[in-house]
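See structure below.
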Amino acid sequence: MVIDPVARSTDGESVRIAKDVLCAGAGAKICLPEGPEEFGRMLARRGHRRPVVIGDDRTLLRVVGLLHKERELAAVPLSMVPVGAPAAVALSRALGVPTDTVAAARAVLDGGERPMDLLTDDSDGIVLGGLRIPCGNAAQLGHGAYVPAPAPPPAPVDPAEALGGRGGLADGLDGPRPWWKPAAKTARTALAMLAAPAAGLGARRGRVPGQRLRIEADGVLLADLDRPVRGVSVVPGGRTGAEGPRPGTADGRELAEVVVHWPGGGRPVRARARAVTVSGADFHYRADALVGGPVRTRTWTVQPAAWRLQLPRG
């Protein structure tokens, strides 16, 4: 049981409740790291124990990232008890983890493992919930949050229409903060743009100018450098809704949802693909709660069932 220091300092009561429930239901070794290096050492000394994370989305991303670098992510099921402000646990909630402390702790004890998709990029980075371009400039980083709204199922991509259509996109994103400090926002695993600014600076920010980007989805050209795009989002698939699996494969896995928005009003371009490549002048991107870049080209690839998360049964 690894307890994030931010969770201990900001909501000690929820941490205590989680510890009581978990220790009453199973034997547990409690680890209290004070920083990222100690966090990594404690996780490496887990032996055959199943990691249980108590903290916010940054803590979950930290654990997944470390296991991915160790090439042990597929072999180690993870459990999560979210502790933090609603914006700081939005990713966990979107992945299906209860945000109620007792319910989440009981899911750790009595739930079942569920395979989850993720995105990997060509620099060995990972994305659990979704990524977005642009992410705002340095002066805009550090405050606000975005919560994605559901999107309708994608229509087949017509390259000619993709290069000729128009659309719109919500405004900027906030920037990175150290993993052990309270997170202000995260991406959710919804098939849409991160569209609704939360309280704080986000509601007062100006519009983000278009960027000239070349965007390809499984080799299909969705946008080229001759026309600016308002923004791009890529979300891994593999989670089905009440209507059943989405189109693409038999069970809805192995494909990512790609949405390209244009300056002005109109319909965005939507596609589903296994690999997405974005190229252009130096650009930043937001992957879950972290900002990457600047880069001139980056490819993200869906890794189906790449990790396992303990969730409530049913």
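No hydrogens, no waters, no symmetry mates; every other heavy atom, side chains included, goes into these values.
Between T120 and Q303, the side chains place a donor N or O and an acceptor N or O closer than 3.5 Å (distance only, hydrogens not considered).
If you take NE2 on H261 and CZ on R132, they are separated by 8.5 Å, rounding to the nearest 0.5 Å. Considering CZ of R313 and CZ of R106, their distance stands at 15.5 Å, rounded to 0.5 Å. Residue D57 holds its CG atom at 11.0 Å from CG of D4, rounded to the nearest 0.5 Å. In this structure, CG on L119 lies 9.0 Å from CG on L128, to the nearest 0.5 angstrom. The distance from the CG atom of L73 to the CH2 atom of W307 is 7.5 Å, given to the nearest 0.5 Å. The distance from atom CG of L131 to atom CG of L290, rounded to the nearest 0.5 Å, is 12.0 Å.
Judged by distance alone, the side chain of R308 and the main-chain N or O of A74 form a donor-acceptor pair under 3.5 Å. Using a distance-only test at 3.5 Å, with no hydrogens or angles considered, a donor-acceptor pair links the side chain of D288 to the main chain of G129. The backbone N or O of A273 sits nowhere less than 3.5 Å from a side-chain atom of D218 that would complete a donor-acceptor pair. Judged purely by atom type and a 3.5 angstrom limit, R212 has no side-chain atom pairing as donor or acceptor with the backbone of V229. A donor-acceptor contact shorter than 3.5 Å links the side chain of D121 to the backbone of S123. A distance-only check finds no donor-acceptor pair linking the side chain of D282 to the backbone of P294 [under 3.5 Å]. Not one N or O on the side chain of E113 forms a donor-acceptor pair closer than 3.5 Å with the backbone of L309.
Applying the under-4.5 Å side-chain rule to Ile, Leu, Val, Met, Phe, Trp and Tyr, the cluster around I30 extends to M1, I3, V15, I17, V21, L22, L32, V52, I54, V81, V83, V102, V108, L109.
For the pair P51 and S79, the minimum side-chain heavy-atom distance is 4.5 Å or more. In this structure the side chain of P33 reaches within 4.5 angstrom of the side chain of V2, judged on heavy atoms. For the pair Q211/P228, no side-chain contact is recorded, criterion being any heavy-atom separation below 4.5 Å from C-beta on. Inter-residue side-chain proximity for S92 and L60 is flagged as met; some heavy-atom pair is nearer than 4.5 Å.
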### Task
Verify side-chain contact (heavy atoms from CB on, under 4.5 Å) between V269 and V259, making sure each step is shown before the conclusion.
CA-CA 6 Å; V269 174; V259 185; over 6 Å; no

### Task
Could you go through the salt bridge (charged side-chain N to carboxylate O under 4.0 Å, His left out) check for D124 and R71 one step at a time?
CA-CA 11 Å; D124 206 31; R71 298 298 183 261; 3.3 Å; yes

### Task
Verify side-chain contact (heavy atoms from CB on, under 4.5 Å) between Y285 and V291, making sure each step is shown before the conclusion.
CA-CA 6 Å; Y285 58 89; V291 170; over 6 Å; no

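Heavy-atom minimum distance, L213 versus G280: CD2-CA, 4.2 Å. The two residues V260 and A223 make their nearest non-hydrogen contact at CG1-CB, 4.3 Å. Here the closest non-hydrogen pair linking D56 and A88 is CB-O, 3.4 Å. The heavy-atom pair separating E38 from E34 by the smallest distance is OE1-N, 3.0 Å. In plain terms, the two heavy atoms of E254 and R274 that are nearest each other are OE1-NH2, 3.2 Å. Closest of all the heavy-atom pairs between G40 and L66 is CA-CD1, 3.8 Å.
Linking ILVMFWY side-chain heavy atoms closer than 4.5 Å, directly or via other members, places L311 and V76 in a single hydrophobic cluster. Both V278 and V220 are members of a single hydrophobic cluster when ILVMFWY side chains are connected at heavy-atom separations under 4.5 Å. A continuous path of ILVMFWY side-chain contacts below 4.5 Å connects V234 to V295, so both sit in one hydrophobic cluster.
Applying the side-chain hydrogen bond (donor to acceptor under 3.5 Å, both in side chains) rule to D122 yields the partners R298; only residues at least two apart in sequence or on another chain are considered. For the side chain to side chain contact (heavy atoms under 4.5 Å, CB included) test, residues two or more places apart in sequence or in another chain that qualify with V53 are T59, V63, M80. For the side-chain hydrogen bond (donor to acceptor under 3.5 Å, both in side chains) test, no residue two or more places apart in sequence or in another chain qualifies with R45. Legend: residues meeting side-chain hydrogen bond (donor to acceptor under 3.5 Å, both in side chains) with T297, ordered by chain and number and at least two apart, are S279. With sequence neighbours left out, the side-chain hydrogen bond (donor to acceptor under 3.5 Å, both in side chains) criterion links D20 to R16.
For the pair R46 and E70, the salt-bridge criterion is met [side-chain N within less than 4.0 Å of a carboxylate O].
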